[in-house]
Amino acid sequence: RTIDMTIKEKVTALIGVSASRNSDLIDVLIEMCRDEATHYCHLAAYTEELDNAVVHMVVERYNRKGYEGSESVSASDISNHFIDGYSANTLQMLQEHRHIKTI
């Protein structure tokens, strides 16, 4: 059995209940992350091979929303540390599709 989910369906499943209230935001983040991934990988056009990396990118950006510029946030003994850019896992996914830029 093959499950073919769109980027938005995957992001919504990962984010959970709050995704339904933030559909427009998710759409914008998907568009931005698709463009960013295409540019980072030096591709002329977006390819579906980047879909899973884009899902990770969108979820990371969504989770940082409201904490931009913060290095760390603590609430109820739960700490989240945000760094510029994406997690090592997400960057590795992008690196696997990155082409060498020729001049």
Engineer: For Ser23, enumerate each residue passing the side chain to side chain donor-acceptor pair (under 3.5 Å) test, keeping only those at least two apart in sequence or located in another chain.
Structural biologist: Lys8

Engineer: As an exercise, state the distance from NZ of Lys65 to CG of Asn63, rounded to the nearest 0.5 Å.
Structural biologist: 12.5 Å

Engineer: Heavy-atom count around Glu31 CD within 6.0 Å, excluding the residue itself: above 12?
Structural biologist: no

Engineer: Side-chain polar contacts of residues 48-58 - donor-acceptor pairs under 3.5 angstrom, sequence neighbours left out - could you list them?
Structural biologist:
residue: Asp51; atom: OD1; partner: Tyr46; partner atom: OH; Å: 2.5
residue: Asn52; atom: OD1; partner: Lys10; partner atom: NZ; Å: 3.0

Engineer: Is it the case that one hydrophobic cluster holds both Tyr86 and Leu14, taking links as side-chain heavy atoms less than 4.5 Å apart, direct or via other members?
Structural biologist: yes

Engineer: My understanding is that only residues two or more places apart in sequence, or in another chain, count here; which of them pass side-chain contact (heavy atoms from CB on, under 4.5 Å) with Glu9?
Structural biologist: Met5, Thr6

Engineer: On a heavy-atom basis, which atom in Thr38 and which in Ala45 lie closest, and how many Å separate them?
Structural biologist: CG2-C, 3.8 Å

Engineer: Can you sort out the partners of Thr90 under side chain to side chain donor-acceptor pair (under 3.5 Å), two or more places apart, ordered by chain and number?
Structural biologist: Glu60, Ser87

Engineer: Tell me, do Leu43 and His99 make a side-chain contact under 4.5 Å, heavy atoms counted?
Structural biologist: yes

Engineer: A side-chain contact here means heavy atoms from C-beta on lying under 4.5 Å apart; do Ile15 and Tyr62 qualify?
Structural biologist: yes

Engineer: Hey, are the side chains of Gln95 and Tyr40 touching, using non-hydrogen atoms and a 4.5 Å cut-off?
Structural biologist: yes

Engineer: Would you list the pairs meeting salt bridge (Lys or Arg N to Asp or Glu O under 4.0 Å) in which at least one residue belongs to residues 33-47, sequence neighbours left out?
Structural biologist: Glu36-Arg61

Engineer: Determine whether Thr12 and Ser20 make a side-chain contact, defined as any pair of heavy atoms from C-beta on separated by less than 4.5 Å.
Structural biologist: no

Engineer: Hydrophobic side-chain clustering at under 4.5 Å (ILVMFWY, transitive links): who's grouped with Val28? Put none if nobody.
Structural biologist: Met32

Engineer: Mind checking side chain to side chain donor-acceptor pair (under 3.5 Å) for His97 and listing every partner two or more places apart, or none if nothing turns up?
Structural biologist: none

